[in-house]
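Step one of this worksheet: look at the structure below.
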There are 2 protein chains.
Amino acid sequence: MARTDGAAIGGSRVTGRRQANLRTLADHLGLSVTTVSRALKDGPEVRPETIARVKEAAAELGYVPNVGGIHLRTGRTMKVCSILYAPEVGDYGDPGFLAQVESLSAGLEPSRYNLLMLAQTGGQTPLDAVRKVAEQQLADAVVFSRTTPLDERARYCLERDFPFVSFGRTELLTPHAFVDHDDEGAVVDAVARLAADGHRRIALINPAGTLTYLGYRLRGYQRGLAESDLPRDPALSLTADLSVRATREAARRLLSADRSVTAIICANQMSVVGVLEGLIACGIDTVRDGVTVVGFGGMPFRMLSDQRVVYYYQPQRRVGATLAHHTLALLAGEPAEGLTTVLPYERTDDLRRFRDDDSPMGAAV
Amino acid sequence: MARTDGAAIGGSRVTGRRQANLRTLADHLGLSVTTVSRALKDGPEVRPETIARVKEAAAELGYVPNVGGIHLRTGRTMKVCSILYAPEVGDYGDPGFLAQVESLSAGLEPSRYNLLMLAQTGGQTPLDAVRKVAEQQLADAVVFSRTTPLDERARYCLERDFPFVSFGRTELLTPHAFVDHDDEGAVVDAVARLAADGHRRIALINPAGTLTYLGYRLRGYQRGLAESDLPRDPALSLTADLSVRATREAARRLLSADRSVTAIICANQMSVVGVLEGLIACGIDTVRDGVTVVGFGGMPFRMLSDQRVVYYYQPQRRVGATLAHHTLALLAGEPAEGLTTVLPYERTDDLRRFRDDDSPMGAAV
DNA sequence: AGGGCGACCCGTAACGATACAGTCCAGATC
DNA sequence: GATCTGGACTGTATCGTTACGGGTCGCCCT
């Protein structure tokens, strides 16, 4: 039977001529499709000269491997999926996530992988989204954040040997690839320096929840206090949503009950703003009254008034780049053991560093 | 020849059993693969009872169409690609973009399409990214923003009949699907209301560039002035980058040269902050001195001090949802003519509306 | 009775890439 | 000279899906 449907199907609507495929190349070179296929992936059974000849022709004819064909034959999709968690309130989620995605996508650029984004919608659990990727074979690897110590997504992937890289550690026994920030180290550092500066009553704000990094923050806090011979006071370990409002109220409650507190370690950009608002509401000026606010997170918001803020900065782009690296390494067959990265925070005493670089993001206190 | 490679290939690593496919269903039902395929897409040649039977079995056996097979056979990838433009400075690009992506992805969820993200990296032009999508058949449709009147990406797609939806209008003669905000209408409204409140000297800040919306803003400004019988003064039409620094300086220059200005229409969240900073630097208090700042954009930053700000808000999620709708409609064969949406701005006189909903984003002036 | 006509279903050939089993031939080995 | 070896290639079947051209069968009409 003659081809009856080829003209309408599979042909590129983009270029006038059909997109070059292995057969095109093979015919053009007088080789078989098999040899061309092998040559393009540097198969050991093909002569070096032939390989060179094939690659040259491929470049010349603009050959691009057909992802559908590869998927069908090998099961590989040449996609990496990143899960997007919806902002809970308002239009903005984690604002640094965009930089992470951008650098992840850019990091995949030199490979033949592309980035798929899947939003965790409405009624879905975090596991649902990951399961969808695995079951529907949407991607060859998945990247997710907001890990918990016994993360069910990580367990799910480990059980079925589905490649993944998490942004955040877990406490699972099986090693897996991850990128994380050194929250414990940074909090230890913060406490130690505050203690060295004479602070005796140092508060820590954490949100409720079971995310792994919260444990690291708490451990860092306790270790820092112990190393500086400061007593632990449960009243100084606060739990509050990281919204401006909740952290403002938490700071206000803390300070109106106990004026001896001279330092507050916050958990993200928003809580810095909230705590500063809370301090102001209590009539406290950080500079005049010697109170230090310690912030953590991505690029901080602009601060107009010169309050005393020490900031531990997470370079978000490095996260994305490292996620990309680890993902590609996993997909290339490297064992997960070596693909574990704990990134240091960058400490700065002067938020004007961010202010004066024309941070497009900032608003001002 | 017997199958020799099937076990290792194409089988799902996820479930123990192989993933159900059309053949599985066909065997299970005693039908042919063809009929099953047709039944699943409600082909008119299949009896309704058979369709029901097939769909039931498909659900029971957890059939998921293999995207690779579809891609290979039909050329369709079942993907929609959104182009991500890298933030120019710092970690944050357009912060509302995340909400847009999230709602776009969520809007595609009920369909069988998934969202591909492609970052425009390093040396790439805007066209490069779109061309990559089309040439490499990465997706069946593309979504991009930052349109210009003679947008080359739109022209490229129109020429090759590649489906796309732009966020932003163009002035191309061929109609195409887009979503945009009504900048002209909103600026007209702003000017009219300012004039009604007695403002005679109203300034407008636009960034440099050729993006389409800038023209609409300018037209709205001129139309608004004309309708209120106010004279045009070129000195009141400012050009400045939308960074805090640049808009601060622009406002300062304007006000120190000419104290008669009583209203400034800004172009985005950042410029509101910058202009307010500029006013403060000139010793101007908006409330006391009767100066009005008009802001435009996504969710605004929190403002601590009670400055007089009128804000035209773009609901970002609606953009994403509409983009999803138009894309799916295009892919379903609807003509682009009807897929053009101009969304109204939501005006508010009181930014506390945003402040008190616990905007996770805000920082405070 | 038999021809015609729908309604409903099936068989086959692709789409592009790749795993695997051959094939072919020059050179080495006995 | 026959046999073996290994390097460099080719042929074929296959992944899951769908377009297309047939089939089959019951029913109606003349």
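Just so it is clear: chains get the letters A, B, ... in the order the sequence lines come, proteins before strands, and each one is counted from 1.
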**OP:** Round to the nearest Å and state the distance from B:Met78 atom CE to C:dC15 atom P.
**Re:** 21 Å

Subject >> Short side-chain N/O contact to D:dT10 OP1/OP2 from A:Ser32, under 4.0 Å >> reply: yes

Subject >> Proximal nucleotide (of C:dC10, D:dC15, D:dT10) relative to the B:Thr35 side chain >> reply: C:dC10

Subject >> Presence of salt bridge, A:Lys55 and A:Asp42, under 4.0 angstrom >> reply: yes

Original post:
If you look at every heavy atom in A:Glu135 and B:Gln19, which pair is closest and at what distance?
Top reply: O-NE2, 3.3 Å

Subject >> Between P of C:dT18 and CZ of A:Arg112, the distance in whole Å >> reply: 7 Å

**OP:** Measure from the side chain of B:Pro65, starting at C-beta and using heavy atoms only, and say which of D:dT17, D:dC15, D:dT10 lies closest.
**Re:** D:dT17

Original post:
When the distance from CG of A:Leu25 to C1' of D:dT10 is rounded to whole Å, what number comes out?
Top reply: 17 Å

**OP:** Answer with base, sugar-phosphate or nothing: what part of the nucleic acid does A:Ile70 contact at a heavy-atom distance below 4.0 Å?
**Re:** sugar-phosphate

**OP:** Could you walk me through whether B:Asp140 and B:Arg76 pass salt bridge (Lys or Arg N to Asp or Glu O under 4.0 Å), step by step?
**Re:** CA-CA 6 Å; B:Asp140 301 334; B:Arg76 277 180 300 149; 5.7 Å; no

Original post:
Can a side chain N or O of B:Thr50 be found less than 4.0 Å away from OP1 or OP2 on C:dC9?
Top reply: yes

Original post:
Do B:Tyr113 and B:Leu328 come close enough that some side-chain heavy atom pair is under 4.5 Å?
Top reply: yes

**OP:** Using atom CZ of A:Arg53 as one end and atom P of D:dC9 as the other, report the distance to the nearest whole Å.
**Re:** 8 Å

**OP:** For the helix from C:dA1-D:dT30 to C:dC30-D:dG1, measure the angle between the helix axis at one end and the axis at the other, each built from five pairs, rounding to 10°.
**Re:** 60°

Subject >> Upstream residue (5' side of DNA chain C) when A:Val64 and B:Val46 are each assigned their closest nucleotide >> reply: B:Val46

**OP:** Please check the phosphate of C:dG11 (OP1 and OP2 only) for any side-chain N or O of B:Thr34 closer than 4.0 Å.
**Re:** no

Original post:
Are B:Asn66 and D:dG16 close enough that a side-chain N or O sits under 4.0 Å from OP1 or OP2?
Top reply: no

Original post:
With a distance cut-off below 6.0 Å to the six-membered ring centre and an angular limit of 45° from the axis, does A:Arg146 pair with A:Phe144 as a cation-pi contact?
Top reply: no

Original post:
Of A:Pro48 and B:Val33, whose nearest nucleotide on DNA chain D comes first from the 5' end?
Top reply: A:Pro48

Original post:
Quick one: does B:Arg76 reach the base of D:dT18 with a side-chain donor-acceptor pair under 3.5 Å?
Top reply: no

Subject >> Gap between atoms CG and P, on B:Leu72 and C:dA14 respectively (whole Å) >> reply: 13 Å

Original post:
Taking atom C1' of D:dC15 as reference, at what distance in whole Å does atom NE2 of B:His71 sit?
Top reply: 15 Å

Original post:
Within the structure shown, what part of the strands sits under 4.0 Å from B:Arg23 by heavy-atom distance: base, sugar-phosphate, or nothing?
Top reply: nothing

**OP:** Please determine if a side-chain N or O atom of A:Ser37 lies less than 4.0 Å away from the OP1 or OP2 oxygen of C:dT18.
**Re:** yes

**OP:** Whole angstrom is fine here: how far is it from CD in B:Glu45 over to P in D:dT18?
**Re:** 14 Å

Subject >> Sole residue of A:Glu152, A:His176, A:Arg153 in side chain to side chain donor-acceptor pair (under 3.5 Å) with A:Thr170 >> reply: A:His176

**OP:** Rounded off to whole Å, could you give me the CG-to-C1' distance for the B:Asp27 and D:dG16 pair?
**Re:** 13 Å

Original post:
Between A:Thr34 and A:Ser37, does any side-chain donor sit less than 3.5 Å from a side-chain acceptor?
Top reply: no

Original post:
Is any side-chain nitrogen or oxygen of B:Arg47 closer than 4.0 Å to OP1 or OP2 of C:dA7?
Top reply: no

**OP:** Quick one: label B:Gly30 by what it contacts on the DNA or RNA (base, sugar-phosphate, nothing), any heavy atom closer than 4.0 Å.
**Re:** sugar-phosphate

Original post:
Should B:Lys41 be listed as having a side-chain N or O under 4.0 Å from OP1 or OP2 of D:dT17?
Top reply: no

Subject >> Flag, side chain of B:Ser103 to backbone of B:Gln100, donor-acceptor distance under 3.5 Å >> reply: yes

